[in-house]
Amino acid sequence: MNKISQDDRAPGADFRSQARELVANRETLRRIFIMREDDSARETLVKYMEQILFGLQDFLQRHVGITEEVPLKELSERFMDTTIGRHPEKKLAQVITDLINGIAPYAVNVASPYFVGHMTSAIPFFMVHLSTIVAALNQNVVKIETSKVVSIVEKQVLAKIHRLIYGFPEDFYKEHIQSGYTSLGGFVEDGTLANLSALWVARNRLLGPKEGFAGVEQEGIARAFAAHGVDRLVVLISQLGHYSLRKSAGVLGLGSDNVLAIGVDEHNRMDIGELTSTLGHLAKTEPRTRVLAVVGISGATETGTVDPLGKIADICQEQGIHFHVDAAWGGPTLFSEKYARLLSGIERADSVTIDGHKQFYMPMTCGMVYFKDPEAMDAIAYNARYVARPGSVDLGIRSLAGSRPSTSLILDSALKIMGAQGYALLIEHGIETAASQAEEIELRENFQLMTRPELNILTYRYCPPEIQKHLATAGPEEALVINQALNEANIALQRRQREAGKSFVSRTTLRFPDGRNGLTVVLRVVIMNPMTHMGILREILDEQESIAARQLPESFRIEP
Ligand SMILES: *Cc1c(COP(=O)(O)O)cnc(C)c1O
């Protein structure tokens, strides 16, 4: 259907007709490593780039839907061959054509403005160019000898974002920006590893060296607990916490069960009363339990809500607990003069996670972690003799990863191309469009707004007025039954819409503070694509109303 037809195939496709037998030998190897300088070689290179840029662009323009409607099972049957051909099978031009025609249509068109269900979206086109430069330079920022100025740029861009978060005085940045002895933060693969890195630092500081003990990093968790008189380390985060925190606790030897969920208030923000009582209870009943960190979320993955960061900071400061802010999603809100206040208190965090591939609109992937104390990352410093010398700018010293691409070049360039104002406009569009959609949902009697957007994420469900009326007066048991039926109906609704292939809204399950109705399935909208506007969002709601009325009338009828 959406296959690219013969006529408008990308330019390289005719290379196949040169059907010379493909061989791998020293001569052909030489040709793929050494660029020939003549005009025809140049033309070929440019042709390939054109094929990628225009072939994909064409595809995205034609393909307004989300993905080709081929079941996963059928797709997996096409990818069953495990042999690696002894001889080359295809030339680059053919591979590019195959990817554009054979893979892209069955991947997900995350750039569609109708794709509003996830934190993955369209990226500005210049990101593709910047990625090409990073690949072409192939710098390895693990050490200065394989990256030189690129590591210096990385330190600079880390300082720029650090300043956006913490706003320390000029002198502070002058001292630390290029220092080989301190670090303001680091690039990691993603938000998961940023959260892991923050907890890694917190763990190593809490269970650090002391008389007769070299530190948890060297001696391991069992000895560290013994040396520090600890039985258990816990991390406190609201029930909306991202599961990367549990993964991190697992990897760090704390145990994922020791990430304790604190309830939320009616605005889906961490319940400070419950945080205080949990801390008090732990101190009283488990004197050998220590709190490794309290995590405030700024932009919860499911609801986009922001915890009361200032209040959490007060408590952490008073009790000497590491305060981490997971701003993987919400961090760039700081660019908006209008909305930065929503993150107020983030500047008091000991560490902060921000994802570049989310609201910096960078290509996959870019995670970042920042520390208020420029010496914090010493707790995870390693020196391999041949790689990194103390006091050098070798970035591999204080980083979970070893070899790593110069993703910072993309962020630094993007900051120059967009300016703070460019990012602010994107953020403001998301927040304001989500607010308008919330109004629209409240105007439509068939929908219930489940979580009001604070940033640019909202949740709602389909629930016709008769059922809403019924629920309002039902006893707890009956409400539970009705709610269960609504859950199933909303799951079916979301699935039908996804399968129709025009638009995509995600769904998740939330537990509401009053606990009345158990777990509630909600539809979730994330507004990040600047091309998504109210017209599109109304169409999406119309489509849902039509699916519910025409295809699922039984599911949304309840027998009193
Ligand atoms: C996305 C997200 C993460 C995880 O980030 P990845 O880049 O997917 O690993 C962590 N926390 C929050 C709040 C997020 O939104």
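Indexing begins at 1, ligand by ligand and atom by atom, following the structure's order.
Note: Phe125 and His129 have perpendicular aromatic rings, judged against thresholds of 30 and 60 degrees for the angle between ring planes.
Nearest heavy-atom pair, Ala414 versus Met127, reported as atom, atom and distance to 0.1 Å: CB-CE, 3.6 Å.
Among protein residues, Met119, Asp190, Gly191, Thr192, Asn195, His242, Ser244, Gly299, Thr301, Asp326, Ala328, Trp329, Asp355, His357, Lys358 come within 4.0 Å of ligand 1, judged on heavy atoms.
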Begin from the C-alpha positions of Glu286 and Arg232 and carry the test salt bridge (charged side-chain N to carboxylate O under 4.0 Å, His left out) through to its verdict.
-> CA-CA 9 Å; Glu286 301 180 31; Arg232 180 181 179 221; 2.7 Å; yes

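Shown here is Glu499, whose CD atom has more than 12 heavy atoms of other residues, nucleotides or ligands within 6.0 Å.
Taking the side chain to side chain donor-acceptor pair (under 3.5 Å) definition, one finds that Ser351 meets it with His322, His324, sequence neighbours left out.
A salt bridge between Arg538 and Glu440 is present, with a side-chain N of the basic residue lying under 4.0 Å from a carboxylate O of the acidic one.
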